[in-house]
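It should be emphasised that the depicted structure is a prediction, and the values quoted were computed from it without experimental measurement.
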Amino acid sequence: MKQKKLYNYKRALTVPFMVQKLWRGFTLENPLELTKVAVFGLSLISLFTIFRPVVWLLGFIPGLNLAAYILIPIGVVMLYDRLEPDGLKIHEYVIDYLFFLLSYKGSGKVICQSQTFKQKNELVVFEKIQG
């Protein structure tokens, strides 16, 4: 009797979404991860909106503000790719941390031996027993 060979789908299912064709006439030679494109876009938008005064101050040196608009998002993407706190990607870690803050820290619950309890702020007094 022949034994069936089992296939491990883990590697195939963990492949990130890739972007190669941006619009009709423009395609990339090599595909990029969608998360890297999104991080680059969000960091570029935040530079144009939130951090615009800081980049404007860099404009006193000719060409430095243009370099900041290009190099800072690339650096953010490289940092996003390199950092993995607790073995998770940054966005997964932040989502889990916010869920923890809202579920336990915000509601006053504590975890004790895999069970959740409402935290009681009672004063515990121990008495010495003579014996």
Side-chain angles (χ1 to χ4, degrees):
M1 186 167 157
K2 259 188 169 179
Q3 290 213 348
K4 291 184 180 179
K5 186 177 179 182
L6 298 176
Y7 183 72
N8 187 2
Y9 289 98
K10 181 180 180 183
R11 201 172 90 196
L13 293 175
T14 56
V15 174
F17 290 108
M18 305 295 261
V19 175
Q20 188 168 11
K21 186 174 183 179
L22 298 178
W23 56 83
R24 290 183 193 139
F26 186 73
T27 59
L28 299 171
E29 186 175 324
N30 297 322
L32 296 173
E33 289 182 26
L34 182 63
T35 55
K36 290 181 182 179
V37 173
V39 168
F40 184 85
L42 288 174
S43 62
L44 190 63
I45 289 171
S46 67
L47 280 177
F48 275 115
T49 56
I50 300 169
F51 298 107
R52 189 178 190 112
V54 176
V55 177
W56 180 78
L57 288 175
L58 293 175
F60 289 117
I61 300 172
L64 192 59
N65 60 352
L66 180 63
Y69 281 125
I70 295 171
L71 295 177
I72 290 175
I74 291 173
V76 170
V77 169
M78 290 171 62
L79 186 67
Y80 170 80
D81 198 32
R82 192 175 305 157
L83 288 181
E84 288 186 357
D86 292 341
L88 301 172
K89 288 290 190 182
I90 297 282
H91 66 279
E92 294 170 347
Y93 180 79
V94 169
I95 290 170
D96 284 348
Y97 187 70
L98 289 175
F99 178 75
F100 170 76
L101 284 178
L102 294 174
S103 297
Y104 296 105
K105 294 293 184 180
S107 64
K109 293 181 183 177
V110 293
I111 303 172
C112 181
Q113 296 181 356
S114 300
Q115 296 179 353
T116 58
F117 298 100
K118 272 289 209 194
Q119 187 174 6
K120 298 177 182 175
N121 292 330
E122 296 177 358
L123 181 63
V124 178
V125 178
F126 295 99
E127 296 179 10
K128 187 174 182 180
I129 298 177
Q130 299 289 334

Any chance CZ of Phe117 has more than 12 other-residue heavy atoms, nucleotides or ligands included, within less than 6.0 Å?
-> yes

For Asp96, salt bridge (Lys or Arg N to Asp or Glu O under 4.0 Å) partners two or more places apart = none

To the nearest 0.5 Å, tell me how far Tyr69 OH sits from Ser43 OG.
-> 12.0 Å

Asn8 CG to Leu13 CG distance, which is reported to the nearest 0.5 Å = 9.0 Å

Which atom of Leu47 lies closest to which atom of Ala68, heavy atoms considered | CD1-O, 3.8 Å

Listing, residues 85-95 side-chain donor-acceptor contacts under 3.5 Å, not counting sequence neighbours, or none:
{"residue": "His91", "atom": "ND1", "partner": "Tyr80", "partner atom": "OH", "Å": "2.9"}
{"residue": "Glu92", "atom": "OE1", "partner": "Lys89", "partner atom": "N", "Å": "3.4"}

Whether Ser103 side chain and Phe100 backbone form a donor-acceptor pair below 3.5 Å | no

Rounding to 0.5 Å, atoms CE (Met18) and CG (Leu32) come to a distance of 7.5 Å

So with a 6.0 Å cut-off around CE of Met78, is the heavy-atom count from everything else above 12?
-> no

Should we count CD1 of Ile61 as having more than 12 external heavy atoms under 6.0 Å?
-> no

Quick one: pull up OH in Tyr97 and CG in Leu102 and give me the separation to the nearest 0.5 Å.
-> 11.0 Å

Derivation and outcome, side-chain contact (heavy atoms from CB on, under 4.5 Å), residues Phe40 and Val76 | CA-CA 7 Å; Phe40 184 85; Val76 170; over 6 Å; no

List in chain and number order the residues that pass side chain to side chain contact (heavy atoms under 4.5 Å, CB included) with Thr27, two or more places apart in sequence or in another chain; answer none if no residue qualifies.
-> Lys21

The reported gap from CG in Leu79 to CD1 in Ile74 (rounded to nearest 0.5 angstrom) is 13.5 Å

